[in-house]
Undergrad: 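First, the structure itself, so that you have it in front of you.
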Amino acid sequence: MQYWLMKSEPDEVSIAHLAAEPDRSFPWTGVRNYQARNFMRDAMHVGDLAFFYHSSCAEPGIAGICEICSAAYPDPTQFSAVDRYYDPKSSPDKPRWWLRDVRFVARTRLLGLPEMRACSALTAMPVLARGNRLSITPVTPAEWQFIAGGLLGLNRFRG
DNA sequence: GCCAACGTTGGC
DNA sequence: GCCAACGTTGGC
């Protein structure tokens, strides 16, 4: 069991989309960064929890929680020539890009970047590092508890 | 829309 | 295997 932070542009997939279909599995398509791929392919487990982070939007920050709900499998968008995430160097017998499905767990209040930056307990989080672009990053148990149980006040994550 | 930071590509 | 050029990310 590990914790994660996963960035999504809410114009494409937001926590509201997940909340609208709480029983649906959403494939986390479009990751084209090897480090983020390796996290999904090799390090995640079914049942892991992730902060759902809204990026490239008016108010970037944590907007909810989702759960990893599938094993790793090849991202189908890499094989489709008409898809924006098409990768001509990939092939079905040797896929480059792997993903997981996630499903809705909870919406939270928007925990914005400035508030996160103000917390000394969170200074090591990659999402707060200058110039960080990695869309999937690990979250330590202490960070998870501080945010989920503390800042967001979710009882089930109180320590 | 700007632009700094970063990852990837490809020529050599 | 170096590294300049390029494309992308993402906060502001």
Side-chain angles (χ1 to χ4, degrees), chain A residues 2-20 25-44 48-68 70 72-140 142-144 146-148 150-153:
Chain A
Q2 286 180 240
Y3 298 109
W4 305 94
L5 182 145
M6 300 172 76
K7 295 182 190 174
S8 181
E9 301 191 13
D11 287 349
E12 296 177 10
V13 182
S14 75
I15 192 67
H17 290 108
L18 270 65
S25 294
F26 288 76
W28 201 266
T29 55
V31 168
R32 296 294 181 267
N33 170 282
Y34 288 104
Q35 211 177 338
R37 178 207 65 183
N38 292 346
F39 283 141
M40 284 202 286
R41 187 187 62 184
D42 307 330
M44 284 181 172
D48 283 2
L49 296 175
F51 290 128
F52 194 104
Y53 179 94
H54 286 174
S55 70
S56 291
C57 58
E59 248 192 313
I62 291 170
I65 294 172
C66 62
E67 177 182 4
I68 309 306
S70 83
Y73 63 97
D75 180 343
T77 64
Q78 70 195 301
F79 306 129
S80 168
V82 297
D83 197 285
R84 59 178 291 207
Y85 294 121
Y86 176 57
D87 183 349
K89 293 177 183 165
S90 187
S91 65
D93 53 318
K94 220 176 177 192
R96 273 193 177 188
W97 307 111
W98 297 71
L99 52 63
R100 300 269 180 161
D101 291 349
V102 304
R103 89 158 75 90
F104 178 72
V105 172
R107 295 185 79 154
T108 65
R109 75 176 174 89
L110 198 285
L111 174 58
L113 276 184
E115 187 177 351
M116 295 175 70
R117 289 193 201 287
C119 298
S120 57
L122 303 180
T123 50
M125 291 188 76
V127 72
L128 301 182
R130 173 182 170 81
N132 169 70
R133 292 163 40 184
L134 194 53
S135 64
I136 298 176
T137 49
V139 173
T140 69
E143 289 162 348
W144 184 273
F146 184 87
I147 294 172
L151 297 178
L152 299 176

Undergrad: State which of B:dT8, B:dT9, C:dG11 makes the closest approach to the side chain of A:Tyr53.
TA: C:dG11
Undergrad: Using whole Å, report how far CG of A:Leu134 lies from C1' of B:dA5.
TA: 13 Å
Undergrad: Using a cut-off of less than 4.0 Å, is there contact between a side-chain N or O of A:Lys89 and OP1 or OP2 of B:dG10?
TA: yes
Undergrad: Please pick, from B:dA4, C:dG11, C:dG10, the nucleotide with the shortest atom-to-atom distance to any side-chain atom of A:Arg130.
TA: B:dA4
Undergrad: Round to the nearest Å and state the distance from A:Arg32 atom CZ to C:dC6 atom P.
TA: 24 Å
Undergrad: When A:Arg32 is tested against each of A:Asp75, A:Asp83, A:Asp87 for salt bridge (charged side-chain N to carboxylate O under 4.0 Å, His left out), which residue passes?
TA: A:Asp75
Undergrad: Grab the CZ-P distance between A:Arg84 and C:dG7 for me, whole Å please.
TA: 17 Å
Undergrad: Return the value, rounded to whole Å, for the distance between atom OH of A:Tyr34 and atom P of C:dT8.
TA: 15 Å
Undergrad: So that I can tick it off, tell me whether A:Arg109 and A:Glu115 are bridged by a salt bridge, with the cut-off set at under 4.0 angstrom between side-chain N and carboxylate O.
TA: yes
Undergrad: What are the two closest heavy atoms between A:Trp28 and A:Ser8, and how far apart are they?
TA: CH2-CB, 3.9 Å
Undergrad: Backbone N or O of A:Phe26 within a donor-acceptor pair of the A:His17 side chain at under 3.5 Å?
TA: no
Undergrad: What's the closest nucleotide to the side chain of A:Asn33 if the choices are C:dC12, B:dG7, C:dG10?
TA: B:dG7
Undergrad: Taking the six-membered ring for Trp and the single ring otherwise, decide whether the centroids of A:Trp97 and A:Tyr85 are under 6.0 Å apart.
TA: no
Undergrad: When you measure from the side-chain N and O atoms of A:Lys7 to the phosphate of C:dG10, is any distance below 4.0 Å, counting only OP1 and OP2?
TA: yes
Undergrad: Looking only at side-chain atoms of A:Ser56, point me to the closest of B:dT9, C:dG10, C:dC12.
TA: C:dG10
Undergrad: Distance check needed: C:dG10 P versus A:Met6 CE, whole Å only.
TA: 13 Å
Undergrad: Atom OH of A:Tyr85 and atom C1' of C:dT8: how far apart are they, to the nearest Å?
TA: 12 Å
Undergrad: Tell me which nucleotide among C:dG10, B:dT9, B:dT8 gets nearest to the side chain of A:Arg96.
TA: B:dT9
Undergrad: Measuring from the side chain of A:Leu113 (C-beta onward, heavy atoms only), which nucleotide among B:dT9, B:dG7, C:dC12 has the closest atom?
TA: C:dC12
Undergrad: Measure the distance from CG on A:Asn132 to P on C:dG11 and round it to the nearest whole Å.
TA: 9 Å
Undergrad: Between C1' on C:dG11 and CD1 on A:Ile62, what's the gap in Å once rounded to a whole number?
TA: 16 Å
